[in-house]
Structures are given as C-alpha cells and as structure tokens.
Amino acid sequence: MRWLIRRVLKKGKGAISYEEDTHFGEVLTIGRAADQAIFLPDLRAALNHARITLLSNGEYKIESLILAGIRVNGEIVYTTTAGADATIEIGNTRLTLLPPPEGYEGGVEVMTLDKGEQKAEKEKRAKPTRLAQTSLRKRWPAWALFVSILLFGLALPMFGHFNPSVGNFLRQSPLPSTLSWNPGTIDAAHHFFAADCTKCHQTPFRTVRDNACLACHANTAAHADAVKFNMPELGNAECRSCHQDHQGLRGLIRRDQRLCADCHANLKANTKNASSFDDVKDFGKAHPEFKLNLPNWDANGKFVPQRVSYAPNLKENSGLKFNHEKHLKADGLNTPKGRRTLDCASCHVPEPGGAKMRPVNFEAMCHDCHTLGFDTLAPAREVQHGKRRRLSRREGADDRARAPPPGFAAVVAAGKGRGARVGT
Ligand code: HEC
Ligand code: HEC
Ligand code: HEC
Ligand code: HEC
Ligand code: HEC
Ligand code: HEC
C-alpha cells in the first residue's frame, strides 16, 4: 500500500513549498520515535502517538495510542473514522488527510503551525469568556431589565399606594406591592396595621410626622414633662427620633443604655435641679435602688401613687388582702374552668414600652376564678366589681327580691369594702 506524505515547508513572507515522500505499509504510524512513518520532533508527541489505517470504503481509521486521546476535527477521540479533509492535531503539528492522490491509496499533508497559527488555534478552541464573543447582546436585555424593575419595583406599588383598592389587591397577590418597599419588620404592637404604610407615612417622600403617631397615641404621656424640665432633647424631639420603626418585632423602643444614660447620668444637672431623681449612670453597675409606687388616694378620692424607698417594715395600704402564697401553688388551683397554675405574668404585665407594670385588674386577672355571682337562680347575674353605688341600687320588685342580703349595702356604704379598689 502506498501513502503520500506531503510536508508543507514555510519560507519567509508567507511563501510555501512542499516536500513529498512515499511510505509503503498497511498503517501510517505517527510519533516521536525514529521508526515512525510520520516523525514528529515535538516533545508533546508520544513515541507512538497514533496510527492511521485505510478502510476498504476509502475512509481512514484514526486510533490514539495514548490515554489522553487525540484531537480529530477539533474533538478529542480515541478511535474514529474520517474521510478526506479531516484534520488531526498533535502538539504544534496539523495533519490533514487527503483524498487518495493519483498512484497512491492514501495521503497526508503535514504542516507545522507557527506561533501565530498556534495562538489562533488555541483561541478558537477556548470557551467564550466575554459577551462580545457570543451571539448575546447587552443593550436590549439591559433595557428589558430596567423597564421591568421600573414597572414592578416602582410603578405598580406606586399605583397601589395611590389607589387603595388596587393596593389591597396587590398585597393579597404575589405581585409586588408597597410591602416590597418595606425596609424592615414593623414592631409587634403595630403589626395589626403594618401593611397600611399610609397610617404613618402620610405624605410620600416625607419623613414620618408626629401627627401620624398622635392620631393613635394622643393619650400617651410624654417620657417627662417637657415644660417642667425644659430640655431641648425632650421638647424638640420628634417621635421618630426615639422610635424608629422597622427595627424588628421588639424594635420600636430603644433599650440601649447610652440613650438613657446620656440624659440620666447627670439628670439633676441636666434639669437644673428640677428633678428629684437620683442619677443613673449604668443599668448594671451604677443604678440606684428601685423606688416603689404604693397605692394612695388624695382627699378627693383620686388615685395618686406614692413614691417610696424600700424599707423592711414598709406596708402597702391598698385595702386588698391578697396572699401570693395561696395563689402560686406549684400544683395549681381549682378554677371554675378546671385546674390552672398561675405564674407572675398571669397578673403582672408590663405596660407597653416596658417602663412600668400595668395595674392589677380584677376583670382580667381575678374574675376567672372569683366570680361574683350571688343568685343561684340566675348564676350569670353578678355583683359589679368596684361599683359601690350600683351595688346598693334597687330597680323594681324583682330586683329587690334578688338584691344582696340586708346589711351588705350598709357595710359597703360604711366604706369597709375598699377591696373594690383593685383595677378601678
Ligand atoms: C407604625 C408606623 C409605620 C408604618 C405602619 C410604616 N412605617 Fe416606614 N417608617 C416609620 C418610621 C418611624 C420610620 C423612620 C423615620 C423616617 O425615616 O421617617 C420609617 C422609615 C421608613 C423608610 C425609610 C427607611 C430608612 O432607612 O430611611 C422606608 C423606606 C419605609 N419606612 C417604608 C415603609 C413601608 C413600605 C411601609 C408599609 C409596608 C411602612 N414603612 C410602614 C414608621 C412606619
Ligand atoms: C393606627 C394606630 C397607631 C399608629 C398610627 C401608631 N401607633 Fe403606636 N401603637 C398602637 C397600638 C394599638 C399599640 C399597642 C399598645 C398596647 O399594647 O397597649 C402601639 C404601641 C406603640 C409603642 C409601644 C410598643 C411596645 O413594644 O411596647 C410605641 C413606642 C409606639 N406605639 C410608638 C408609635 C410611634 C412613634 C408612631 C408613629 C410613627 C406610632 N406608634 C403610630 C397604635 C398606633
Ligand atoms: C426622647 C426620646 C423619646 C421621644 C422623643 C418619644 N419617646 Fe416614646 N418612649 C421613649 C422611651 C424611652 C419609652 C420607653 C420607656 C417608657 O415607657 O417611658 C417610650 C415609650 C413610648 C410608648 C409606650 C409606653 C406608653 O406610655 O404607652 C409609646 C406609645 C410612645 N413612647 C409613643 C411616643 C410618641 C407618640 C412620641 C411622639 C409624640 C414619642 N413616644 C416620643 C422615648 C421617647
Ligand atoms: C432627654 C433626657 C432623657 C432621656 C434620653 C431619658 N430620660 Fe428618663 N427621664 C427624664 C426626665 C427629665 C425624667 C423625669 C424626672 C422627674 O420626674 O423628676 C425621666 C424619668 C424617668 C423615669 C421615671 C419615670 C417615673 O415616672 O417614675 C424612668 C424609669 C426613666 N426616666 C427611664 C429612662 C430610660 C430607661 C431611658 C432610656 C430608654 C430614659 N429614661 C431616657 C429624662 C430622660
Ligand atoms: C393572681 C394574681 C397574682 C399573681 C399570680 C402574682 N401576683 Fe404579685 N400581686 C398581685 C396583687 C393583686 C398585688 C397587690 C397586692 C396588694 O395590694 O396587697 C400584687 C403585688 C405584688 C408586689 C408588690 C409588693 C406587695 O407584696 O404588695 C410584688 C413585688 C409582687 N406582687 C410580685 C409577684 C411575683 C414575683 C409573682 C410571681 C412569683 C407574683 N407577684 C404573682 C397579684 C398577683
Ligand atoms: C386561678 C384561679 C385564681 C385566680 C386567677 C385568682 N384567685 Fe384568688 N383564690 C383562688 C383560690 C383557689 C383561693 C383559695 C385559696 C386557699 O384558700 O388556699 C383564692 C383565695 C383568694 C383570697 C382569700 C385568701 C385568703 O387568705 O383566704 C383572696 C382575697 C383572693 N383570692 C384574691 C384574689 C385576687 C385579688 C385575684 C386577682 C388579682 C385573685 N384572687 C385571682 C383562686 C384564684
């Protein structure tokens, strides 16, 4: 079998010439060993790198003799068949299979790639790393994204903001609404209207005004009387300077020590001695003993708690006879609704804000167990707690029959029923 091996020789300035050789044999061996039909003086070629055989149908069979495979028509393969014009690349050599030249059964053209050709070859094989190397374009996807962000991020929520029924619909749907502008969780106390941003943000692009808060908090007492203490930090402050909402479920009230200590560390000096309170420099290390607010009533019967320091023999004069021990039994108490174990939080609940405790309240805390029924014929009928005048009032003959027993009203009128003061 006769093979034509044509070597392409490059001369300067792009001129080329050919050198032809004839090889006799069944296979065409390729490699770096001296006995190979096509000898490649290239370290990247193995001694026996590949071989080519001619098939009966005129195609070539190409086999790799190394584990890494060889590159035929740009693909790494181990064994393949290919027709004329297929290219094989080994190191910096490119072999092109030829249609059988006249007088030969097979033919190969061998060409050594120069630096420029090798580089171009490498680039052709490399995966694209820049958008410009692909068929993708930058401009229209950028515009599409920009317009959709404008539409879904701004226009749609804004439409919902100005049109409450659309706003409501958007909030129920998976579409973006003003909720997607929310910079953080609203405080738990405000959750019931949190989705209605306009309750606080009354005017778009304006900070939250005090009026928005005062719509609901008209009766919230100021932290301290700004007139009496005359401090700009109290008088000029807006609600939002201390109550930044969107800080989490319990984030409305700032509890950082610095805010409090800035003012309370020198409260006497800051208020020009208007305050009788001791200075507080640090919650943990420099806090005065807590004072107690004991129940007290002025001459007109108005509730004015009295501020006292703790003393071992201090006695609270609330008129209430309440035994903690009897109520805090670990195994619980019998109640009309079954057994119940009380803990401190059943009766002692902090005020919103947490500075003080809510007053103990009969209806919410005692009534479950201490129902005030007095009439077995009408168990739902109860004495009113703390309303002395209504207790002694008589309305009609039927009522008289079921009024409290004789003598009860007299006791109440004599003022001995002060326990009624709880929760009033
Ligand atoms: C309870 C009142 C209240 C409600 C309800 C409320 N916010 Fe706010 N929001 C505030 C306060 C207070 C601030 C801080 C003061 C300010 O920057 O005006 C604020 C600040 C913001 C800010 C600016 C954040 C920053 O870091 O500057 C955005 C944005 C905002 N709110 C969006 C919303 C959206 C959207 C809603 C409805 C889902 C909403 N808010 C509901 C009270 C509220
Ligand atoms: C729609 C009515 C409403 C508006 C408007 C409103 N609040 Fe409230 N706020 C409430 C209710 C109700 C509570 C819960 C009170 C309670 O638990 O007794 C509350 C609780 C609070 C608390 C105590 C929270 C806690 O964790 O204990 C603070 C502080 C407060 N609001 C400040 C503000 C500020 C500041 C604004 C204006 C930015 C504002 N609120 C606007 C209804 C409102
Ligand atoms: C100088 C800071 C400061 C300013 C300004 C301020 N607060 Fe407060 N507020 C506090 C602190 C601290 C607490 C928690 C301690 C307490 O309850 O006294 C609190 C507690 C509250 C509470 C829960 C306790 C309660 O008494 O019901 C409400 C509601 C409240 N503030 C509403 C407002 C409103 C409305 C405004 C604006 C008109 C406002 N605050 C301005 C610091 C401030
Ligand atoms: C701008 C100054 C200022 C800041 C800030 C401040 N307070 Fe006050 N605080 C006062 C003044 C003034 C009084 C009233 C003193 C008096 O009545 O003699 C007061 C009263 C109090 C009282 C007594 C309330 C009462 O009626 O029994 C407590 C408790 C208190 N502050 C805690 C705090 C805490 C906690 C903080 C921080 C979260 C704080 N204060 C931040 C100025 C401030
Ligand atoms: C069933 C409701 C209830 C439970 C539960 C309860 N308390 Fe009380 N507590 C009261 C009442 C009512 C008063 C007012 C008593 C009075 O005026 O004589 C009070 C008063 C107090 C006082 C004021 C000082 C005093 O003795 O008068 C303290 C402190 C106190 N409780 C702490 C606690 C602690 C701590 C717990 C949990 C271990 C607790 N309480 C559980 C109802 C309760
Ligand atoms: C979970 C049910 C329960 C609740 C809530 C409850 N009590 Fe009682 N209370 C009882 C039981 C049970 C007794 C009887 C205890 C005993 O004699 O050992 C009792 C007894 C009493 C007594 C008589 C105590 C004595 O020394 O004989 C008074 C007074 C009283 N409770 C007041 C209150 C007040 C005030 C509250 C609300 C702040 C309250 N109770 C809440 C179950 C309850």
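Indexing begins at 1, ligand by ligand and atom by atom, following the structure's order. Nothing fancy with the numbering, it's 1 onward along the sequence.
The proximity of D187 to ligand 1, defined as any non-hydrogen pair under 4.0 Å, does not occur for either the backbone or the side chain. Here T178 has backbone heavy atoms under 4.0 Å from ligand 1, and that is the only part of it that gets that close. Contacts between R254 and ligand 2, counted as non-hydrogen atom pairs separated by less than 4.0 Å, are absent for every part of the residue. When non-hydrogen atoms are compared, ligand 6 lies under 4.0 Å from the side chain of L342 (C-beta onward) but not from its backbone. In A194, the part holding a heavy atom less than 4.0 Å from any atom of ligand 1 is the backbone. Contacts of I253 with ligand 2, taken as heavy-atom pairs under 4.0 Å, involve the side chain alone. Here H201 has side-chain heavy atoms under 4.0 Å from ligand 1, and that is the only part of it that gets that close.
By the 4.0 Å N-to-carboxylate-O rule, D256 lies close enough to R254 to be salt-bridged with it. R94 has a carboxylate O that lies under 4.0 Å from a charged side-chain N of E89, or vice versa, which qualifies the two as a salt bridge. D42 has a carboxylate O that lies under 4.0 Å from a charged side-chain N of R44, or vice versa, which qualifies the two as a salt bridge. A salt bridge between K122 and E117 is absent, with no side-chain N of the basic residue lying under 4.0 Å from a carboxylate O of the acidic one. Salt bridge status for D368 with R340: present, with a side-chain N to carboxylate O gap under 4.0 Å.
Less than 4.0 angstrom separates some heavy atom of N182 from each of these atoms of ligand 1: 35 (C), 38 (C). When each atom of ligand 6 is checked for a heavy atom of F322 under 4.0 Å away, the hits are 32 (C), 33 (C), 34 (C), 35 (C), 36 (C), 39 (C), 40 (N). Which parts of ligand 6 touch M365 is read off a 4.0 Å heavy-atom cut-off, strictly below it: atoms 5 (C), 37 (C), 41 (C). Close approach to A212 involves these atoms of ligand 2, each under 4.0 Å from a residue heavy atom: 5 (C). Close contacts between ligand 2 and C239 involve ligand atoms 35 (C) [criterion: under 4.0 Å to a heavy atom]. Close approach to F192 involves these atoms of ligand 2, each under 4.0 Å from a residue heavy atom: 12 (C). Near I186, meaning under 4.0 Å from any of its heavy atoms, are these atoms of ligand 1: 4 (C), 5 (C), 6 (C), 7 (N), 41 (C). The atoms of ligand 1 that sit less than 4.0 Å from any heavy atom of F193 are 1 (C), 5 (C). Of all atoms in ligand 6, numbered sequentially from 1 with element shown, those under 4.0 Å from a heavy atom of C369 are 1 (C), 2 (C), 3 (C), 4 (C), 5 (C), 42 (C), 43 (C). For ligand 2 and K199, the ligand atoms under 4.0 Å from any heavy atom of the residue are 1 (C). Heavy-atom contacts of L179 reach the following atoms of ligand 1: 38 (C) (cutoff under 4.0 Å).
Distances from atom 8 (Fe) of ligand 2 to the N/O/S atoms of H217 are shortest for NE2.
A donor-acceptor contact under 3.5 angstrom links the side chains of N48 and Q36, judged on distance only. A donor-acceptor pair shorter than 3.5 Å cannot be found between the side chains of D282 and H287. No hydrogens or angles considered: a donor-acceptor pair under 3.5 Å links the side chains of K11 and S17. Looking at S275 and N273, their side chains never bring a donor and an acceptor atom within 3.5 Å of each other. With 3.5 Å as the limit, one finds a donor-acceptor pair spanning the side chains of S346 and D343. Between the side chains of N182 and H246, at least one donor N or O sits under 3.5 Å from an acceptor N or O.
Within the 4.0 Å heavy-atom shell around ligand 1 one does not find R206. At least one heavy atom of V360 sits under 4.0 Å from some atom of ligand 6.
When atom types are taken as modelled, the side chain of R32 and the backbone of A46 share no donor-acceptor pair closer than 3.5 angstrom. In this structure, the side chain of Q202 does not engage the main chain of T198 through any donor-acceptor pair within 3.5 Å. At distances below 3.5 Å, not a single donor-acceptor pair connects side-chain atoms of E75 with backbone N or O atoms of V72.
The environment of L145 atom CG is dense: over 12 non-hydrogen atoms of other residues, nucleotides or ligands sit within 6.0 angstrom. Around atom NZ of K61, no more than 12 heavy atoms belonging to other residues, nucleotides or ligands sit under 6.0 Å away. F322 CZ: more than 12 foreign heavy atoms inside a 6.0 Å radius. Within 6.0 Å of the CZ atom in F159, the count of heavy atoms belonging to other residues, nucleotides or ligands does not exceed 12.
The side-chain contact (heavy atoms from CB on, under 4.5 Å) test with L95 is passed by exactly one of L28, I62, I70, V108: V108.
Around atom 12 (C) of ligand 1, the closest heavy atom drawn from R171, H191, H243 belongs to H243. With atom 13 (C) of ligand 2 as the reference point, the heavy atom nearest to it among A189, C200, C213 is part of A189. Of all the listed residues (K329, H327, R340, E363), H327 holds the heavy atom that lies closest to atom 22 (C) of ligand 6. Atom 15 (C) of ligand 1 has its nearest heavy-atom neighbour, among H161, R240, E238, R209, in R240. Comparing C216, A215, A188 against atom 4 (C) of ligand 2, the shortest heavy-atom distance belongs to C216. Considering each of P157, G184, P183, the one bringing a non-hydrogen atom nearest atom 23 (C) of ligand 1 is P183.
In this structure, atom 35 (C) of ligand 1 has a protein heavy-atom contact shorter than 4.0 Å. Inside a 4.0 Å radius of atom 26 (O) of ligand 1 there is not any protein heavy atom.
Counting protein heavy atoms only, atom 38 (C) of ligand 1 is closest to C197 SG, 2.8 Å. In this structure, atom 14 (C) of ligand 1 lies nearest to the protein heavy atom Q244 OE1, 3.4 Å. Among all non-hydrogen protein atoms, the one lying nearest atom 39 (C) of ligand 1 is H246 CE1, 3.3 Å. Of the protein's non-hydrogen atoms, T207 CG2, 4.4 Å is the one closest to atom 17 (O) of ligand 1.
Taking only nitrogen or oxygen atoms, main chain and side chain alike, R250 reaches within less than 3.5 Å of ligand 2. The shortest N/O to N/O separation between H190 and ligand 1 does not fall below 3.5 Å. In terms of polar-atom proximity, defined here as any N/O pair under 3.5 Å, V208 does make such a contact with ligand 1. Considering backbone and side-chain atoms together, T335 places no N or O closer than 3.5 Å to any N or O of ligand 6.
Using cut-offs of 30° and 60° on the angle between ring planes, the pair H161 and W181 is tilted.
Note on C366: not counted as a metal contact of atom 8 (Fe) of ligand 6, no N/O/S atom lying under 2.8 Å.
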